[in-house]
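Notes follow the structure.
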Amino acid sequence: VFNTQQPFNAVQPGTIEMPMKWHKFLCFFWLWLMALINAFNGYSAMNGLHYGEAKKEVYRWFEDLQSVDKTYGYVVIFLAIFDVIVAISLLKYKKFAPLLVVLAFAVPRVTDIIYIVSANGVISDVAKEINMDLSGVFDYSELVSSVIGTVFMVCCNVVYFGKRRHIYNK
């Protein structure tokens, strides 16, 4: 009555023959690249390199910003180490690897939000003390687009790894 046979090239959920290109891209390239970028960004934040020649002047005006930058730098270096752990977990098909991938995409955005709120708080406090108007100075459009992209990637990863849950069983 109904033809229950699948075509020769059909991919069946629950079989190991599912396409694994995204898995390979993540564990052989993307997570390692993100680890390098995060290590560099963490080092830069800890040392105030993103302020360039104005670093001393920035920290002179906004003393508390240096501790915010250092803390953020340590967190981002931790994220670099975390990216390596996630890549190795994927390579070993660990049961918790899909969750770690989702966290590897989501946690950096959360830390970025916390850093931006903290840094803006320090800057705003000093600006109030010296009666400086900061209206229109802070532009959050890049952060908003980054968060939207992150939500999209988290959703894609949840679907992708959800279909391959049976593969990650060690």
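The first residue in the sequence is number 1, and the count goes up from there.
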Centroid-to-centroid, Phe96 to Tyr168, below 6.0 Å?
-> no
Tell me whether Ile113 is reachable from Leu65 by hopping between hydrophobic residues (I, L, V, M, F, W, Y) whose side-chain heavy atoms are closer than 4.5 Å.
-> yes
Between Val76 and Gly42, which heavy-atom pair has the shortest distance, and what is it?
-> CG1-N, 3.6 Å
Within a strict 4.5 Å, meaning less than it, do heavy atoms of the Leu90 and Phe161 side chains meet?
-> yes
Taking the side chain as every heavy atom from C-beta outward, state whether Tyr140 and Ile116 have any atom pair closer than 4.5 Å.
-> yes
Measure the shortest side-chain to side-chain distance between Val68 and Tyr115 over non-hydrogen atoms and say whether it is less than 4.5 angstrom.
-> yes
Assess whether atom CZ of Phe25 is packed by more than 12 heavy atoms of other residues, nucleotides or ligands within 6.0 Å.
-> yes
Here the gap from Lys21 atom NZ to Lys24 atom NZ, rounded to the nearest 0.5 Å, amounts to 9.0 Å
Taking the side chain as every heavy atom from C-beta outward, state whether Met46 and Thr71 have any pair of such atoms under 4.5 Å apart.
-> no
Side chains of Lys95 and Asn169: closer than 4.5 Å at any heavy-atom pair?
-> no
Same hydrophobic cluster for Leu143 and Val122, using side-chain heavy-atom links shorter than 4.5 Å among ILVMFWY?
-> yes
Atom pair CG/CG of Asp83 and Leu26 - distance to nearest 0.5 Å = 10.5 Å
Has the side chain of Tyr160 got a donor or acceptor atom that lies under 3.5 Å from a matching backbone atom of His23?
-> yes
Just by distance, do the side chain of Arg109 and the backbone of Val151 share a donor-acceptor pair under 3.5 Å?
-> no
Non-hydrogen atoms of Ala104 and Leu31 that approach each other most closely = CB-CD2, 4.2 Å
Hey, quick one: are Ile123 and Ile114 part of the same hydrophobic cluster, counting side-chain heavy atoms closer than 4.5 Å, chains of contacts allowed?
-> no
Do Leu33 and Val84 share a hydrophobic cluster (ILVMFWY, side-chain heavy atoms under 4.5 Å, transitive)?
-> no
Check whether the side chains of Asn157 and Trp22 place a donor and an acceptor atom closer than 3.5 Å, and report yes or no.
-> yes
Atom SG of Cys27 and atom CG of Leu91: how far apart are they, to the nearest 0.5 Å?
-> 4.0 Å
Separation between OG (Ser44) and CG (Asn38), nearest 0.5 Å, reads 11.0 Å
Taking all atoms of both residues into account, what is the closest heavy-atom pair of Met18 and His166, and its distance?
-> SD-CE1, 3.8 Å
Return the minimal non-hydrogen interatomic distance between Leu103 and Pro108, and the atom names on each side.
-> O-CD, 3.8 Å
Check whether any side-chain heavy atom of Leu49 sits under 4.5 Å from a side-chain heavy atom of Tyr43, and report yes or no.
-> yes
Got a donor-acceptor contact below 3.5 angstrom from the Ser146 side chain to the Glu142 backbone?
-> no
Give, for atom CD1 of Ile88 and atom NZ of Lys94, the distance between the pair rounded to the nearest 0.5 Å.
-> 11.0 Å
Side-chain donor-acceptor contact under 3.5 Å, Asn41 with Tyr72 | no
Nearest heavy atoms of Ala80 and Ala35, plus distance in Å = CB-O, 3.2 Å
Look at the aromatic rings of Phe105 and Trp30 and report parallel, tilted or perpendicular, splitting at 30° and 60°.
-> parallel
So, for Thr150 and Ala106, which heavy atoms are closest and what is the spacing to 0.1 Å?
-> CG2-CA, 3.9 Å
With hydrophobic residues grouped by side-chain heavy-atom distances under 4.5 Å, do Val158 and Val107 end up in a single group?
-> yes
Please examine the side chains of Leu79 and Thr111, heavy atoms only from C-beta on, and report whether any two atoms are closer than 4.5 Å.
-> yes
Can you find a heavy atom in the side chain of Pro19 that is under 4.5 Å from one in the side chain of Arg164?
-> yes
If you round to the nearest 0.5 Å, how far is CZ of Arg60 from NZ of Lys55?
-> 15.0 Å
